[in-house]
Amino acid sequence: MKKILLPVLAFMALTACNNDENVNNQDINYSKLPQEFPFATLATVNGVDVINGGFGSGATAHPTRKGEFYVITDRGPNIAYSNGIKFLIPNFTPTIMHFKINADGNIEVLKYIKLKNPSGQPITGLPNPIGMGSTGEIAYGIDGSVLPTDNYGLDSESIVAAADGTFWVSDEYGPHIVHYSAEGVEIERISPIGVNTGTRKLPAVLAKRRPNRGMEGMCMTPDGKMLVGTMQSTMYVPTKVLATNTTLTRIVTFDLATGQTKQYLYKQDGGASDSVCDITAISNSEFLVIERDGNFGSQGGTKKVYRINLTGASDVTGSDLTAVDGLKINNKTLEQSTWDEINTAGLKPVSKTLAVDLVSKIGYEHDKFEGIVYLGGNKLAIFNDDDFGVVDNGNGTPKAKILPKTGKVDKGTMYVVDIQ
């Protein structure tokens, strides 16, 4: 794989982590938001329409053109089945959608960019094989047959648009951080030590992410020097049974020039069912992050954004990046330790304050609040993952994903809200 000399890339312009200096919202017409993305039917499975949706698993602003955005899908329409996942469209390719807000305030799709392997062939969202980032999930077809793995498969969850026109995408398999060209061709794949991809690595402990709970959020600092990723939930360190601190998850930073990584602790308000789903930057040290549960907003769901700061937080990476259980205190992993034990050891999590509660502020009704972009001026663009308009009916077949408040099929929607 060709190695890219990252320091020469022009990352200094605005990226997914936007700030006030680069974005002036006064000349962008957001008056027609919230607004659904335009959708067509991708397929019909067992009489249920699967829409060409999913855009909103992650979001980023265009690095230089105001009012333009990119949103990305995850691995494709799927439902739980047996001891794995049933893929409704196995050859689905994770896709980036480039759109803009027109002068009249309407959303206009400009381009779809399908992700591709280094040879330029479209990838799928199918799991990676053992040694390449496998989560242990088994992929099944609609008929229940076992599907093959994909060395370059991605369960994409977040996206960064860099100033040179390329993209950085993080996922839930490896977890991987993948660098793609402007046309979606893989340039570099950064994975935990022990995963057979590329030469630049993340700490080995990150491979103990929960299946389907990997690096859910990622952004770039406004100076263009560092990627900042959020693990969605408590990792299984050392094991699922022993990882008892279910409010602890991790934030990971990756220096693009040096490859140096750092890890910080994040304390969720909820428990094991809650998720830290995206991150966007206010400055090089201050960020906004999503905390949500799996319920619809209209049914008591939690959909909040917190303002956090890495300044003063402890780097818990440790000296041995190859340690599969990471840093330990009192011979216990961080996920085994209580917050009292962590505090006694002198380790400080990132600070956090509530920026906005979407349910109380705007009556937000979606369940999967998964994408945010800071627009400057205390304005925040928010996006949801609509699951392609389908959910599991409980017996391995899909049904339409219906919003309980309106009775309509859930579709990806963009909102803009003010934050504290």
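Throughout, residue positions are numbered sequentially from 1 according to the sequence presented.
Taking the six-membered ring wherever Trp is involved, the centroid distance between the rings of Phe55 and Phe383 does not fall below 6.0 Å. Tyr364 and Tyr415 have their aromatic ring centers within a separation under 6.0 angstrom. Ring centroid separation for the pair Phe87 and Tyr140 does not come in under the 6.0 Å cut-off.
For Ser119, the side-chain hydrogen bond (donor to acceptor under 3.5 Å, both in side chains) criterion is met by no residue, not counting sequence neighbours. Here Thr135 pairs with Glu137 under the side-chain hydrogen bond (donor to acceptor under 3.5 Å, both in side chains) rule; sequence neighbours left out.
With Glu335 as the partner, the salt bridge (Lys or Arg N to Asp or Glu O under 4.0 Å) test is satisfied by one option alone out of Arg209, Arg210, Arg250: Arg250. Each of Asn384, Asp387, Asp410 was evaluated against Lys368; a single residue qualifies, Asp387, per the side-chain hydrogen bond (donor to acceptor under 3.5 Å, both in side chains) test. Of the residues listed (Asp357, Asp367, Asp293), the one engaging Lys303 in a salt bridge (Lys or Arg N to Asp or Glu O under 4.0 Å) is Asp293, and it is the only one.
By the 4.5 Å heavy-atom criterion applied to side chains, Leu310 and Thr253 are counted as neighbours. Residues Thr221 and Phe287 are in side-chain contact: their nearest non-hydrogen atoms beyond the backbone lie under 4.5 Å apart. Side-chain atoms of Val228 and Met220, non-hydrogen and from C-beta on, never get closer than 4.5 Å to each other. Between Thr230 and Met215, every side-chain heavy-atom pair lies at or beyond the 4.5 Å cut-off. Contact annotation: the side chain of Val169 never approaches that of Ile177 to less than 4.5 Å [non-hydrogen atoms, C-beta and beyond]. Counting heavy atoms from C-beta outward, Leu288 and Ile419 have side chains that approach closer than 4.5 Å. Using a 4.5 Å heavy-atom cutoff, the side chains of Ile329 and Leu347 are in contact.
Separation of atoms OG1 (Thr73) and NZ (Lys114) is listed at 8.5 Å; rounding is to 0.5 Å. To the nearest 0.5 Å, atoms SG (Cys277) and CD (Glu216) are separated by 4.5 Å. Between Leu227 atom CG and Leu202 atom CG the span is 9.5 Å, to the nearest 0.5 Å. The distance from the OH atom of Tyr70 to the CD1 atom of Ile159 is 8.0 Å, given to the nearest 0.5 Å. His98 contributes atom NE2, which lies 4.5 Å from atom CG of Leu110 (distance to the nearest 0.5 angstrom). A distance of 5.5 Å separates CZ in Phe296 from NZ in Lys401, rounded to the nearest 0.5 Å.
Using modelled atom types and a 3.5 Å distance limit, the side chains of Asp315 and Thr317 yield a donor-acceptor pair. Arg189 and Thr197 share no side-chain donor-acceptor pair at under 3.5 Å. For the 3.5 Å distance criterion, the side chains of Asn245 and Thr247 qualify, holding a donor opposite an acceptor. Side-chain atoms of Tyr266 and Glu291 include a donor-acceptor pair closer than 3.5 Å. Counted by atom type alone, His176 and Asn128 present one or more donor-acceptor pairs between their side chains at under 3.5 Å. His179 and Thr166 form a side-chain donor-acceptor contact under 3.5 Å, judged by distance and modelled atom types alone. Side chains of Asn393 and Asn395: a donor on one and an acceptor on the other come within 3.5 Å. Defined by atom type and a distance below 3.5 Å, a donor-acceptor pair is present between the side-chain atoms of Thr124 and Asp150. Between the side chains of Ser158 and Trp168, not a single donor N or O lies within less than 3.5 Å of an accepting N or O.
Between Pro38 and Tyr112, the shortest heavy-atom distance links the atoms O-OH, 4.5 Å. Residues Asp386 and Gly54 approach most closely at OD1-N, 2.8 Å, considering heavy atoms. Here the shortest heavy-atom pairing between Pro203 and Pro192 reads O-CB, 3.6 Å. A pairwise comparison of heavy atoms in Gly301 and Val359 identifies O-CG2, 3.4 Å as the closest pair. Smallest separation of non-hydrogen atoms from Ala257 and Arg200: O-NH1, 4.4 Å. Between Ala59 and Asp278 the shortest heavy-atom distance is N-OD2, 4.1 Å.
Ring pair Phe92/Phe388 is perpendicular by interplanar angle, where above 60° counts as perpendicular and below 30° as parallel.
Checked by atom type and distance alone, the side chain of Thr95 pairs as donor or acceptor with a backbone atom of Thr93 at under 3.5 Å. Looking only at distances, no side-chain donor or acceptor of Lys100 sits under 3.5 Å from a matching main-chain atom of Val109. Ser314 places no side-chain N or O within 3.5 Å of a backbone atom of Val316 that could act as its donor or acceptor partner. Judged by distance alone, the side chain of His366 and the main-chain N or O of Phe369 form no donor-acceptor pair under 3.5 Å. No donor-acceptor pair closer than 3.5 Å links the side chain of Asp74 to the backbone N or O of Pro94. Listed for the Thr413 side chain is a donor-acceptor partner under 3.5 Å among the backbone atoms of Lys411.
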List the atom pairs, donor and acceptor, that lie under 3.5 Å between side-chain atoms in residues 40-52 and the rest of the protein, sequence neighbours left out.
{"residue": "Thr44", "atom": "OG1", "partner": "Asp49", "partner atom": "OD1", "Å": "2.9"}
{"residue": "Asn52", "atom": "OD1", "partner": "Ala40", "partner atom": "N", "Å": "2.8"}

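Salt bridge present: Glu341 and Lys332 bring a charged side-chain N and a carboxylate O closer than 4.0 Å. A salt bridge does not link Lys116 with Glu183: none of the charged nitrogens is closer than 4.0 Å to a carboxylate oxygen. Ion pairing between Glu157 and Arg75 fails under the 4.0 Å rule for side-chain N and carboxylate O.
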Could you give me the CA-CA distance, side-chain angles and deciding distance for Asp269 and Lys352, then say whether salt bridge (Lys or Arg N to Asp or Glu O under 4.0 Å) is met? CA-CA 10 Å; Asp269 284 357; Lys352 56 182 281 193; 3.1 Å; yes
Between Leu380 and Leu375, does a side-chain contact (heavy atoms from CB on, under 4.5 Å) hold up when you go through it step by step? CA-CA 6 Å; Leu380 184 69; Leu375 301 173; over 6 Å; no
Walk me through whether Phe99 and Phe69 qualify under ring pair (Phe, Tyr, Trp, His ring centres under 6.0 Å). CA-CA 6 Å; Phe99 73 93; Phe69 300 87; 5.6 Å; yes
Can Arg307 and Leu354 be said to form a side-chain contact (heavy atoms from CB on, under 4.5 Å), step by step? CA-CA 6 Å; Arg307 187 186 296 257; Leu354 182 66; over 6 Å; no
side-chain contact (heavy atoms from CB on, under 4.5 Å) for Leu242 and Val237? Distances and angles first, verdict last. CA-CA 7 Å; Leu242 294 177; Val237 190; over 6 Å; no
Show, in sequence, the C-alpha distance, side-chain angles and deciding distance for Thr333 and Gln336, and conclude whether the side-chain contact (heavy atoms from CB on, under 4.5 Å) test is met. CA-CA 5 Å; Thr333 69; Gln336 283 180 286; 3.3 Å; yes
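Heavy atoms from other residues, nucleotides or ligands lying under 6.0 Å from CG of Asn83 number more than 12.
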